[in-house]
Chemist: 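This is the structure I have questions about; it appears just below.
In this chain, numbering begins with 1 at the start of the sequence shown. In each ligand, atom 1 is the first atom listed, and ligand 1 is the first ligand listed.
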Amino acid sequence: MKGRPLLPFAIIAVVGILLMISISIIGLNQRAAMDEEGEGADTEEVVEFDDPVEAGEQIVNQSCIGCHGGDLSGGSGPALTGLEGKYSAEEIADIVQNGKGAMPAMPHDDAEADAIAQYLLSIE
Ligand code: HEC
């Protein structure tokens, strides 16, 4: 008979422990979710193009045809056709970003310069 009043306390204790465990599991889950969000934000900062060749074509048509000709066959600058085998993608990106001889450096970031290079290497 003496032990009886202890039962409710035992139940409260068990419920309390279960509550603490579930709260810490919820906390862990939220932390995992926050970590995932953080990683997602990191990858969003890198601007990559879904289709670099198409993006490169648009940029070239805006920035380059003034000197290299509307069909890229040359103007005040040399033709930009048939660059495959002459320059690598890295070398073209370098020319775009740093200029070459009479050509001024163009204000394009790494992703844009790479897209331009991929487009120029894709045309005949
Ligand atoms: C202000 C005029 C001008 C603009 C704008 C310009 N270029 Fe040029 N580009 C030149 C000239 C001039 C040369 C030749 C430089 C030399 O060899 O002395 C050249 C050379 C190049 C070459 C080397 C070609 C070869 O056969 O050696 C590449 C590649 C090139 N340009 C890409 C681009 C791209 C891509 C753009 C646009 C993002 C661009 N250029 C915009 C004037 C220009």
Chemist: Atom CD of Glu124 and atom CG of Leu83: how far apart are they, to the nearest 0.5 Å?
Modeler: 12.0 Å
Chemist: Looking at ligand 1, would Lys86 count as a contact under a 4.0 Å heavy-atom criterion?
Modeler: yes
Chemist: Could you tell me the residue and atom name of the protein heavy atom closest to atom 1 (C) of ligand 1, and the distance to it rounded to 0.1 Å?
Modeler: Cys67 SG, 2.8 Å
Chemist: Tyr87 to ligand 1: N or O pair under 3.5 Å?
Modeler: yes
Chemist: Under 4.0 Å from any heavy atom of Ile116, which atoms of ligand 1 are there?
Modeler: 35 (C), 38 (C)
Chemist: What protein heavy atom sits nearest atom 28 (C) of ligand 1, and how far off is it?
Modeler: Leu80 CD2, 3.5 Å
Chemist: Below 4.0 Å from ligand 1: does a non-hydrogen atom of Val60 turn up there or not?
Modeler: no
Chemist: Answer whether the closest heavy-atom distance between the side chains of Tyr119 and Gln58 falls below 4.5 Å.
Modeler: no
Chemist: Any chance CD of Glu91 has more than 12 other-residue heavy atoms, nucleotides or ligands included, within less than 6.0 Å?
Modeler: yes
Chemist: Who gets closest to atom 22 (C) of ligand 1 by heavy atom: Val96, Ile95, Thr81?
Modeler: Ile95
Chemist: Checking the side chain of His68 only, and the main-chain atoms of Pro78 only, is there a donor and an acceptor separated by less than 3.5 Å?
Modeler: yes
Chemist: Is His68 close enough to atom 8 (Fe) of ligand 1 that one of its N, O or S atoms comes in under 2.8 Å?
Modeler: yes
Chemist: May I ask you to check if any N/O/S atom from Met106 comes under 2.8 Å of atom 8 (Fe) of ligand 1?
Modeler: no
Chemist: What about Lys100: any of its N or O atoms under 3.5 Å from an N or O on ligand 1?
Modeler: yes
Chemist: Taking atom CD1 of Ile123 and atom CG of Leu80, what is their separation to the nearest 0.5 Å?
Modeler: 7.0 Å
Chemist: Any non-hydrogen side-chain atom of Ile23 less than 4.5 Å from a side-chain atom of Ile21?
Modeler: no
Chemist: Hey, looking at atom 14 (C) of ligand 1, which of Pro78, Ser63, Cys64 has the closest heavy atom?
Modeler: Pro78
Chemist: Would you mind running through ligand 1 and noting each atom that sits below 4.0 Å from a heavy atom of Leu83?
Modeler: 26 (O), 29 (C)
Chemist: Could you tell me whether ligand 1 has any atom less than 4.0 Å away from a heavy atom of Ile59?
Modeler: no
Chemist: Does the side chain of Gln62 reach to within under 4.5 Å of the side chain of Glu57, using non-hydrogen atoms?
Modeler: no
Chemist: How far is atom 10 (C) of ligand 1 from its nearest protein heavy atom, and which residue and atom is that?
Modeler: Met103 CB, 3.1 Å
Chemist: Quick one: pull up CG in Leu72 and CG in Asn61 and give me the separation to the nearest 0.5 Å.
Modeler: 7.0 Å
Chemist: Could you tell me, atom by atom, which parts of ligand 1 come under 4.0 Å of a heavy atom of Leu120?
Modeler: 35 (C)
Chemist: Rounded to the nearest 0.5 Å, how far does CE of Met103 lie from SG of Cys64?
Modeler: 6.5 Å
Chemist: Run down the list Gly66, Ala102, Pro104 and name the one with the heavy atom closest to atom 12 (C) of ligand 1.
Modeler: Ala102
Chemist: Is it the case that the side chain of Gln97 and the backbone of Asp94 share a donor-acceptor pair, with hydrogens and angles ignored and the cut-off at 3.5 Å?
Modeler: no
